[in-house]
Visitor: 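Dropping a structure here in structure tokens format, bear with me for questions.
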Amino acid sequence: GVAIMKFMGDHPLRGQSEQFVICTFLKDSVLSCECLIVLCCSDSCQKGWRLLYILTAFYRCSEVLKPFLLKFLRDVCRSPEVLFHGIAKACEQNLRKTFQFGGRSVYPSSMELKAIMAGRSSKRQLFLFPGGIERHLKIKTCSVALDVIEELCYEMALQRLEAMDEYTIFIVINRGTLY
């Protein structure tokens, strides 16, 4: 409870960074999305939605809560007049990905957390093709390798599933070493 209140600005951080509070919250909690039933002050409501965005990337909610949470998120994102309809759609997408592929296991870096808190939920990532061809794609909090392969195949006009199965992704770090 206190960690949520610190993150949302309803309780003083006392020298702790937002990243520290979030990582502590994610590590020490046996939480799911049920934990985010919080009354929000007007200043902290936006932070509450952004916290839900992070939580839906890490945790599945219970099967009992799932239909109600998905309905709530769908209702909010279908109402353009509602202030947080955009982030509600992103939370819904995160939750669906988490149920499909499992939640993230790597905590957000300070840079990613700052971007999320500033309302930026994606970054442009460079992908290299053979022959030195470069492509930039938007990567979101819950993007998985399959999303990247599908997007790159779409750009190459390869839309058959069999064609997509022939591609994989390598990570280039340490000056060209493949992992």
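Each residue takes its place number in the sequence, starting with 1.
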Visitor: Pair up each side-chain donor or acceptor in residues 65-86 with any protein partner under 3.5 Å, not counting sequence neighbours, and list the distances.
Guide:
residue: Lys71; atom: NZ; partner: Asp75; partner atom: OD2; Å: 2.7
residue: Ser79; atom: OG; partner: Asp75; partner atom: O; Å: 2.9
residue: His85; atom: ND1; partner: Pro80; partner atom: O; Å: 3.4
residue: His85; atom: ND1; partner: Val82; partner atom: O; Å: 3.0

Visitor: Rounded to the nearest 0.5 Å, what separation is found between the CD atom of Gln93 and the CD atom of Gln100?
Guide: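 Those atoms lie 12.0 Å apart.
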Visitor: Measuring only between side-chain heavy atoms, which start at C-beta, is Tyr154 closer than 4.5 Å to Leu158?
Guide: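 No. Closest side-chain heavy atoms not under 4.5 Å.
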Visitor: Is there side-chain contact between Phe58 and Asn94, with at least one heavy-atom pair below 4.5 Å?
Guide: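 Result no, sub-4.5 Å side-chain heavy-atom pair not found.
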Visitor: Working to the nearest 0.5 Å, report the span between CG of Leu52 and CD1 of Ile87.
Guide: 8.0 Å
Visitor: Using side-chain hydrogen bond (donor to acceptor under 3.5 Å, both in side chains) as the criterion, list what pairs up with Glu150, not counting sequence neighbours.
Guide: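 Glu150: no side-chain hydrogen bond (donor to acceptor under 3.5 Å, both in side chains) contacts found.
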Visitor: Under 3.5 Å, side-chain donor or acceptor atoms of residues 161-173 against the rest of the protein: list the pairs with distances, not counting sequence neighbours.
Guide:
residue: Glu162; atom: OE1; partner: Arg160; partner atom: NE; Å: 3.3

Visitor: For the atom pair OG (Ser121) and CD1 (Ile54), what is the distance rounded to the nearest 0.5 Å?
Guide: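 Taking OG in Ser121 and CD1 in Ile54, the distance rounds to 11.0 Å.
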Visitor: Using atom types as modelled, flag every donor-acceptor pair under 3.5 Å from a side chain in residues 133-148 to any protein atom, sequence neighbours excluded.
Guide:
residue: Arg135; atom: NE; partner: Glu155; partner atom: OE1; Å: 3.2
residue: Thr141; atom: OG1; partner: Tyr53; partner atom: OH; Å: 2.7
residue: Ser143; atom: OG; partner: Lys140; partner atom: N; Å: 2.8
residue: Ser143; atom: OG; partner: Lys140; partner atom: O; Å: 3.4
residue: Asp147; atom: OD1; partner: Lys97; partner atom: NZ; Å: 3.0
residue: Asp147; atom: OD2; partner: Lys97; partner atom: NZ; Å: 2.2
residue: Asp147; atom: OD2; partner: Val144; partner atom: N; Å: 3.0

Visitor: Can you tell me how far apart CZ (Arg60) and CD (Glu63) are? Round to the nearest 0.5 Å.
Guide: 8.0 Å
Visitor: Using the side-chain hydrogen bond (donor to acceptor under 3.5 Å, both in side chains) criterion, which residues pair with Glu112? Sequence neighbours excluded.
Guide: Arg104
Visitor: Is Leu126 isolated, or which residues cluster with it under the ILVMFWY side-chain rule of less than 4.5 Å, directly or via members?
Guide: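 Via sub-4.5 Å side-chain contacts, Leu126 links to Leu128.
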